[in-house]
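Written below as structure tokens is the structure these notes are about.
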Amino acid sequence: MKDRLIQAATEAQANAYAPYSGFKVGAALQDTEGRIFVGANVENAAFGVTNCAERVALGAAVAAGARKFDRLVVVSDATPPSAPCGACRQVLSEMAADLVVEAVGPSGSRRWMLADLMPDPFGAEDLAP
């Protein structure tokens, strides 16, 4: 039986809106209570406002009241499976310092701790009042 998060991310990937790159990504984020929140990338002709699957999943989680997370699965067709982008790493680091990140693709999977992918994030405490 397939891992619940991998299954959820795979299903979300099928719903991605990627008419420009063709690079469809699905993400499943699990909070510390075991709830799963999904996201898919949503591209836009104004590329800067494109939303990554990881941030879409985080937005859904925050909208549902979740604030602490322990695992993220990202599914794409990349070989090797690709880790979250820098923007996603920064956004995730604010609420999930101990997050386990798993990237899954056709050639297998890779796993990291978010702290290894984003070793020196900044947060609210680093911003001047």
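Counting begins at 1 with the first residue of the sequence.
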- Got V101 and E54 here, is their nearest side-chain heavy-atom distance under 4.5 Å? no
- Are the side chains of L92 and F69 in touch, meaning some heavy atoms are under 4.5 Å apart? no
Extract all donor-acceptor atom pairs below 3.5 Å that involve side chains of residues 78-85 and protein atoms in other chains or at least two apart in sequence.
none

Nearest 0.5 Å, what's the [atom1]-[atom2] distance between [X] and [Y]?
{"X": "T10", "Y": "D3", "atom1": "OG1", "atom2": "CG", "answer": "9.5 Å"}
{"X": "R71", "Y": "L5", "atom1": "CZ", "atom2": "CG", "answer": "5.0 Å"}
{"X": "Q13", "Y": "I6", "atom1": "CD", "atom2": "CD1", "answer": "12.0 Å"}

- According to a 4.5 Å side-chain heavy-atom criterion applied to Ile, Leu, Val, Met, Phe, Trp and Tyr, with indirect links allowed, do V42 and Y20 form part of one hydrophobic cluster? no
- Task: Is it possible for you to say whether L72 and L58 belong to one hydrophobic cluster, with membership spreading through side-chain heavy-atom contacts below 4.5 Å?
- Result: yes
- Query: Who pairs with Y17 by ring pair (Phe, Tyr, Trp, His ring centres under 6.0 Å), at least two apart in sequence or on another chain?
  - Reply: none
Below 3.5 Å, can you tabulate the donor-acceptor pairs from side chains in residues 111-127 to any protein atom, sequence neighbours excluded?
unit_1, atom_1, unit_2, atom_2, d
R111, NH2, E102, OE1, 2.8
D126, OD2, G123, N, 2.8

- Contacts of A46 that satisfy side chain to side chain contact (heavy atoms under 4.5 Å, CB included) - sequence neighbours left out: N44, V49
- Query: Got a sec, which residues hit side chain to side chain contact (heavy atoms under 4.5 Å, CB included) with Q7, two or more places apart in sequence or on another chain?
  - Reply: K2, E11
For residues 21-41, which side-chain N or O atoms pair as donor and acceptor with protein atoms under 3.5 Å away, sequence neighbours left out?
unit_1, atom_1, unit_2, atom_2, d
S21, OG, F23, N, 2.9
S21, OG, E43, OE2, 2.3
Q30, NE2, D70, OD1, 3.2
D31, OD1, E33, N, 3.0
D31, OD1, G34, N, 3.0
D31, OD1, R35, N, 2.8
D31, OD2, R35, NE, 2.7
D31, OD2, R35, NH2, 2.8
N41, OD1, V25, N, 2.8
N41, ND2, F23, O, 2.8

- Please collect all salt bridge (Lys or Arg N to Asp or Glu O under 4.0 Å) contacts where either partner lies in residues 76-96, sequence neighbours excluded, each pair once. none
- Note on the structure: For R67, the side chain to side chain donor-acceptor pair (under 3.5 Å) test, sequence neighbours excluded, returns none
